[in-house]
Amino acid sequence: MSNTSGIVLFSLSGFSATVNYRVTLFSLTLVCYCLIVVVNVSLILTIILDQNLHEPMYVFLCNLCINGLYGTAAFYPKFVFDLLSDIQVISYKGCLLQIFVIYTYATIDFSILALMAYDRYVAICRPLEYHTIMSVRRMAMFIAISWLVPFLCEVMVIGLTSTLKLCGSNIDKLYCENWSVVKLACSSTGANNIVGLIIIAFYCVHVIFIVCSYVQLIKSALKSREGRRKFTQTCVPHLLCLLNVTAALLFDVMYSRYGSASVPQNVRNFMAIQFLIMPPILNPIIYGLILTKIRYRLATLCMIAVQRFKLRPKV
């Protein structure tokens, strides 16, 4: 990772709009991050500890929650620290690391959602072949690919970004974002633009794949009452999560590349962190509330915890 610019620190000017309500924002951020950790860890432990939930759909969901914890860990601790600081800066290497984690998180989300769509397609459209197609070995391979490919894509992006000669150190955001760093370059960024567009197109293909899967799913589900029941119970939460992630990322990508400086800083900040707030909170809640097995298991665990608390000897 070579720094050809000699830049040691980046300043995060997005915090200029938070001066008047930092304490309020700090409190809300702390509550939000605690909620993200609690709901995701609860779902992860529920799936891991219950043998009945060791099925592809729940294993993929577990990975979705793990990815939510992974991505938000790169943003929230630094964000909370910056809210309490007089100067908001980040080191050059720290900036590239934050870019790597946040954007691998975003792309891994799409990869896992595509896997979940394929899993539902096989379960509803080809039920007799389900256990053959979604074997443990193949499921493990799918999960490995869903993490490995985004990592390799982002390594390539970070490699190109780290070779740029930069003529500035001011990032107009609350965190480091690749396009914001690229815009500071005073050398050619053609390769960065091409690779960035290819990666965006690659993950747009994921969305097209998911849409095509659901076209087939809906056709199959309409044929029988059982198919409609399966679709409602297992596909509706997936669709809600997909819309949640896609809308949040669309805000960020479109504004980063084509946004206007005339938009108020507060609005820009909100648009930039949408995908770090909504998906990690809503995904586990949506699945926890709608999927019967998970809802029942979570309710059982809560009842056991309450009973143990009541039976605890008083001092």
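Since we're looking at a predicted model, the values are computed, not measured. Any value given below was found using the heavy atoms of this structure, including those in side chains, with hydrogens, waters and symmetry copies removed.
Closest heavy-atom contact between Pro279 and Pro284: O-CD, 4.0 Å. Taking every heavy atom of both residues into account, Ile102 and Gly71 meet most closely at CG1-O, 4.3 Å. Minimum heavy-atom separation, Pro150 to Thr107: CB-OG1, 3.2 Å. The two residues Cys32 and Ile281 come nearest to each other via the heavy atoms SG-CD1, 3.5 Å. Taking every heavy atom of both residues into account, Ser146 and Ile108 meet most closely at O-CG1, 3.7 Å. Taking every heavy atom of both residues into account, Val37 and Leu69 meet most closely at CA-CD2, 3.8 Å.
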Original post:
Would Phe100 and Phe151 satisfy side chain to side chain contact (heavy atoms under 4.5 Å, CB included), going step by step from the backbone distance to the final call?
Top reply: CA-CA 8 Å; Phe100 178 84; Phe151 279 161; 3.7 Å; yes
**OP:** Show your working on side chain to side chain contact (heavy atoms under 4.5 Å, CB included) between Leu164 and Asn192 and close with a plain yes or no.
**Re:** CA-CA 9 Å; Leu164 291 175; Asn192 301 73; 3.6 Å; yes
**OP:** Apply side chain to side chain donor-acceptor pair (under 3.5 Å) to the pair Trp147 and Asn63, showing each step before the final yes or no.
**Re:** CA-CA 9 Å; Trp147 285 79; Asn63 275 265; 3.1 Å; yes
Subject >> Trace of the ring-ring contact (aromatic ring centres under 6.0 Å, His included) decision for His206 with Phe209 >> reply: CA-CA 5 Å; His206 282 57; Phe209 170 78; 7.9 Å; no
**OP:** Begin from the C-alpha positions of Phe15 and Leu25 and carry the test side chain to side chain contact (heavy atoms under 4.5 Å, CB included) through to its verdict.
**Re:** CA-CA 11 Å; Phe15 284 91; Leu25 197 55; over 6 Å; no
Original post:
Would Met57 and Leu61 satisfy side chain to side chain contact (heavy atoms under 4.5 Å, CB included), going step by step from the backbone distance to the final call?
Top reply: CA-CA 6 Å; Met57 181 176 67; Leu61 175 57; 5.8 Å; no
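Side-chain atoms of Asp82 and Leu12, non-hydrogen and from C-beta on, do get closer than 4.5 Å to each other. Side-chain contact between Ile143 and Met139: present, with at least one pair of heavy atoms (C-beta onward) separated by less than 4.5 Å. Between Ile90 and Leu9 the shortest side-chain heavy-atom distance does not fall below 4.5 Å. Residues Tyr130 and Asp119 are in side-chain contact: their nearest non-hydrogen atoms beyond the backbone lie under 4.5 Å apart. A 4.5 Å side-chain heavy-atom check between Ile99 and Tyr175 finds every atom pair outside the cut-off. Looking at Val149 and Phe202, their side chains come closer than 4.5 Å, going by heavy atoms from C-beta outward. Proximity of Leu217 to Arg120: side-chain heavy atoms (C-beta onward) are separated by under 4.5 Å at one or more points. A 4.5 Å side-chain heavy-atom check between Phe75 and Pro280 finds every atom pair outside the cut-off.
Taking CD of Glu154 as the start and OH of Tyr105 as the end, the distance is 14.0 Å to the nearest 0.5 Å. Interatomic distance, CD1 of Ile158 versus CG of Leu97, reported as 8.5 Å (0.5 Å rounding). In this structure, the separation between CG on Asp109 and CG on Asn283 is 6.0 Å, given to the nearest 0.5 Å. Rounding to the nearest 0.5 angstrom, the gap separating the CD1 atom in Ile44 from the SG atom in Cys62 is 5.5 Å. Taken from CD1 in Ile199 to SG in Cys204, the straight-line distance is 12.0 Å, to the nearest 0.5 Å. How far CG of Leu28 is from CG of Leu35: 12.0 Å, rounded to the nearest 0.5 Å.
Tested against Phe26, the residues Val23, Thr24, Leu30, Thr29 include a single side-chain contact (heavy atoms from CB on, under 4.5 Å) partner, Leu30.
Using a 4.5 Å cut-off between side-chain heavy atoms of Ile, Leu, Val, Met, Phe, Trp and Tyr, with links allowed through other members, Val205 and Leu115 fall into different hydrophobic clusters. Ile145 and Tyr203 fall within a single hydrophobic cluster, where Ile, Leu, Val, Met, Phe, Trp and Tyr are joined by side-chain heavy atoms under 4.5 Å apart, directly or via other members. The cluster map of Ile, Leu, Val, Met, Phe, Trp and Tyr, joined by side-chain heavy atoms under 4.5 Å apart, puts Ile66 and Ile285 in the same cluster. Transitive grouping of hydrophobic side chains (ILVMFWY, heavy atoms separated by less than 4.5 Å) brings Leu45 and Val39 into a common cluster. By the rule that hydrophobic residues join a cluster once side-chain heavy atoms approach within less than 4.5 Å of another member, Tyr76 and Tyr21 end up as members of one cluster.
Under the salt bridge (charged side-chain N to carboxylate O under 4.0 Å, His left out) criterion, no residue pair touches residues 35-47, with sequence neighbours excluded. Counting only residues at least two apart or in different chains, side-chain hydrogen bond (donor to acceptor under 3.5 Å, both in side chains) contacts with residues 37-49 are absent. Pairs engaging residues 132-145 under the side-chain hydrogen bond (donor to acceptor under 3.5 Å, both in side chains) rule: none recorded [sequence neighbours left out].
Environment of NE2 in His54: crowded, with over 12 heavy atoms of neighbouring residues, nucleotides or ligands closer than 6.0 Å. Environment of CG in Leu49: crowded, with over 12 heavy atoms of neighbouring residues, nucleotides or ligands closer than 6.0 Å.
Residues Phe79 and Tyr33 place their aromatic rings such that the two centres sit no closer than 6.0 Å.
Although no hydrogens or angles enter the test, the distance criterion places a donor-acceptor pair under 3.5 Å between the side chain of Ser91 and the main chain of Gly94. Looking at Arg126, its side chain never comes within 3.5 Å of a backbone N or O of Ile133 through a donor-acceptor pair. Side chain of Ser213 to main chain of Ala117: no donor-acceptor pair is present (N/O by atom type, distance under 3.5 Å, no hydrogens or angles). The main-chain N or O of Ile210 is never found under 3.5 Å from a side-chain atom of Tyr121 such that the two would form a donor-acceptor pair.
Partners of Cys176 according to the disulfide (SG to SG under 2.5 Å) rule, which considers only residues two or more places apart in sequence or in another chain, are Cys95. With sequence neighbours excluded, the residues that form a side chain to side chain donor-acceptor pair (under 3.5 Å) with Thr104 are Tyr70. By the side chain to side chain donor-acceptor pair (under 3.5 Å) test, Glu55 pairs with Lys293, sequence neighbours left out.
Ring orientation note: the planes of Phe10 and Tyr92 are close to parallel, at an angle under 30° on the 30°/60° scale. Relative orientation of the Tyr118 and Phe142 rings is perpendicular, given thresholds of 30° and 60° on the angle between their planes.
Side-chain N/O atoms of Tyr58 and Asn52 include no donor and acceptor closer than 3.5 Å.
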